[in-house]
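Scroll down for the structure; my scribbles are underneath it.
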Amino acid sequence: MLPSAITPLNVRGRTFFIKRDDLIDPFLSGNKYRKLHTLLQSDSHTCSRVISYGGNQSNAMLSIAALCHRKGWQFDYLTPHVPLHVKQQAHGNLYEALKLGMQMHEFETGDFEPAVQRLFLDINPHECIIPQGGADPLARNGVALLAREIEAWQKENAITELSVVTPSGTGTTAYYLAQTLSCDVITTPLVGSESYLRSEMAALGAYPQNLHIIETRKRFHFGKPYREYIALHRELEVAGVTFDLLYAPKMWIALLEQVPEGKTILYVHSGGVAGNATMMARYARKGWV
Ligand SMILES: *Cc1c(COP(=O)(O)O)cnc(C)c1O
């Protein structure tokens with residue numbers, strides 16, 4: 001299973017290399033596999049119950065559900081109120097996570113944040129809390145393993161000038177990649193601005209000098225469908241690789257707009273493809289697909 005494959009992808013006459021972390025597992029894939037690697041490798045007695053929280057279509061939620069299913073751990077997930085039509089969907093991340101045995105706990109607006117805060121107050125030793133999006137120093141070792149795979153490939157192919165590209169939510173993956181690699185790491189913020197991303201990263205440690213945050217000319221809001229996104233998603237799919245619809249499109253727009261030809265580019269596929277079913281349904285409702 002590891003190291004994950006690296007395959008070339010031709011886009012607009014340029015050759016990019018793709019680190020296929022999306023192929024590691026259908027549900028526990030991409031950077032969530034890396035971030036949860038330490039827990040996946042841990043003894044089953046490490047905890048009996050995992051608790052996490054966040055949105056009802058989160059990729060992290062599905063990956064943690066897959067992890068707990070494998071380890072035989074109970075998984076409780078706190079989320080704000082879920083609309084009925086979302087609960088009734090027979091596809092997507094929530095549907096798959098519930099099938100894997102996740103226990104969902106819904107909170108009305110206003111009750112969710114206090115419930116999350118209470119979690120951290122009375123935790124017992126056999127419970128593991130995974131913060132929203134899997135943003136946790138626990139993620140470091142798994143991402144460092146990814147970095148070592150990249151370095152081995154770089155050496156094997158005698159690549160002197162390399163840039164590693166991956167999109168950011170919490171920034172945990174890009175941060176630890178930059179911290180453990182000596183080459184450039186390029187990312188773009190999906191949730192909020194560059195300064196918000198920098199403040200999230202500051203919680204993990206000093207800012208790595210080889211980490212570059214780039215932006216698209218157009219502003220995009222997280223979780224919204226865009227014609228530019230679906231067009232690029234299609235283009236990349238025709239070229240040979242299916243990416244997720246939440247994070248990858250903006251990263252690719254930024255990459256094609258802002259990064260000139262020159263260095264070898266390795267794009268780390270961050271997974272999330274299981275969530276495309278629900279996003280595609282939204283694109284279909286708009287009449288864009
Ligand atoms: C979670 C996720 C990200 C963001 O990862 P961070 O480590 O939180 O920055 C990027 N891409 C996909 C597909 C994801 O699911």
Side-chain angles (χ1 to χ4, degrees), residues 4 18-38 52-67 92-94 96-97 130-147 164-181 185-194 196-205 207-208 211-214 220 222-223 229 232-233 236 241-255 267-279:
S4 63
I18 316 296
K19 180 78 171 148
R20 300 300 304 272
D21 274 11
D22 55 313
L23 301 178
I24 293 173
D25 179 278
F27 298 146
L28 180 48
S29 82
N31 64 17
K32 303 306 182 292
Y33 174 85
R34 303 294 183 173
K35 297 202 292 189
L36 296 170
H37 192 260
T38 301
S52 191
Y53 51 89
N56 65 59
Q57 291 299 341
S58 149
N59 292 332
M61 171 193 76
L62 177 57
S63 294
I64 297 167
L67 166 78
N93 289 355
L94 178 63
E96 301 295 350
I130 302 178
Q132 185 158 15
D136 195 271
L138 198 62
R140 190 179 185 279
N141 289 346
V143 176
L145 191 67
L146 166 61
V164 172
V165 177
T166 204
S168 280
T170 62
T172 315
T173 308
Y175 179 89
Y176 286 130
L177 266 181
Q179 203 188 55
T180 46
L181 284 169
V185 173
I186 301 171
T187 192
T188 195
L190 267 294
V191 188
S193 62
E194 171 176 345
Y196 173 75
L197 181 59
R198 280 179 182 269
S199 70
E200 289 288 287
M201 289 173 168
L204 301 172
Y207 190 83
L211 178 55
H212 308 281
I213 300 174
I214 60 173
F220 295 100
F222 189 60
Y229 279 14
L232 196 50
H233 177 80
L236 296 169
V241 178
T242 302
F243 290 90
D244 83 284
L245 275 162
L246 281 178
Y247 295 88
K250 188 186 170 202
M251 185 75 257
W252 276 99
I253 292 169
L255 176 58
Y267 185 105
V268 177
H269 195 313
S270 47
V273 176
N276 284 359
T278 32
M279 279 309 287

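Residue indices begin at 1 and follow the sequence shown. In each ligand, atom 1 is the first atom listed, and ligand 1 is the first ligand listed.
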Starting from atom 11 (N) of ligand 1, which protein heavy atom do you reach first, and at what distance in Å? S270 OG, 2.7 Å
Rounded to the nearest 0.5 Å, what separation is found between the OG atom of S4 and the CG atom of D25? 13.0 Å
Winner among V143, D21, N31 once heavy atoms are compared against atom 3 (C) of ligand 1: N31
Quick check, are the ring centers of H37 and Y33 under 6.0 angstrom apart? yes
the protein heavy atom lying closest to atom 13 (C) of ligand 1 turns out to be G271 O, 3.2 Å
Which residue and heavy atom of the protein sit nearest atom 14 (C) of ligand 1, plus the separation: K32 NZ, 2.9 Å
Ligand 1 contact on T172 by region, counting heavy-atom pairs under 4.0 Å: both
Proximal ligand 1 atoms for G171, defined as those under 4.0 Å from one of its heavy atoms: 6 (P), 8 (O), 9 (O)
Given A174, G169, S58, identify the one with the heavy atom nearest to atom 4 (C) of ligand 1. G169
In terms of atom number and element, which parts of ligand 1 are under 4.0 angstrom from non-hydrogen atoms of N59? 13 (C), 14 (C), 15 (O)
Which residue and atom name correspond to the protein heavy atom nearest atom 8 (O) of ligand 1, and how close is it? T170 OG1, 2.5 Å
Can you list the steps and then say if L94 with Q57 is a side chain to side chain contact (heavy atoms under 4.5 Å, CB included)? CA-CA 6 Å; L94 178 63; Q57 291 299 341; 3.9 Å; yes
Minimal non-hydrogen separation, G142 against T38, with atom names: N-OG1, 4.2 Å
Residues L190 and P167: closest non-hydrogen pair is CD2-CB, 4.0 Å
Before you tell me yes or no, could you show the steps for Y229 and F220 under ring-ring contact (aromatic ring centres under 6.0 Å, His included), namely the whole-Å CA-CA distance, both residues' side-chain angles and the distance that decides it to 0.1 Å? CA-CA 10 Å; Y229 279 14; F220 295 100; 4.9 Å; yes
Tell me whether the rings of Y267 and F243 are parallel (<30°), tilted (30 to 60°) or perpendicular (>60°). perpendicular
How far is atom 7 (O) of ligand 1 from the closest protein heavy atom, and which atom is that? T173 OG1, 2.6 Å
Would you check whether A60 reaches within less than 4.0 Å of ligand 1, judged by its heavy atoms? no
For I213 against P189, the heavy-atom pair lying closest together: CG2-CD, 3.7 Å
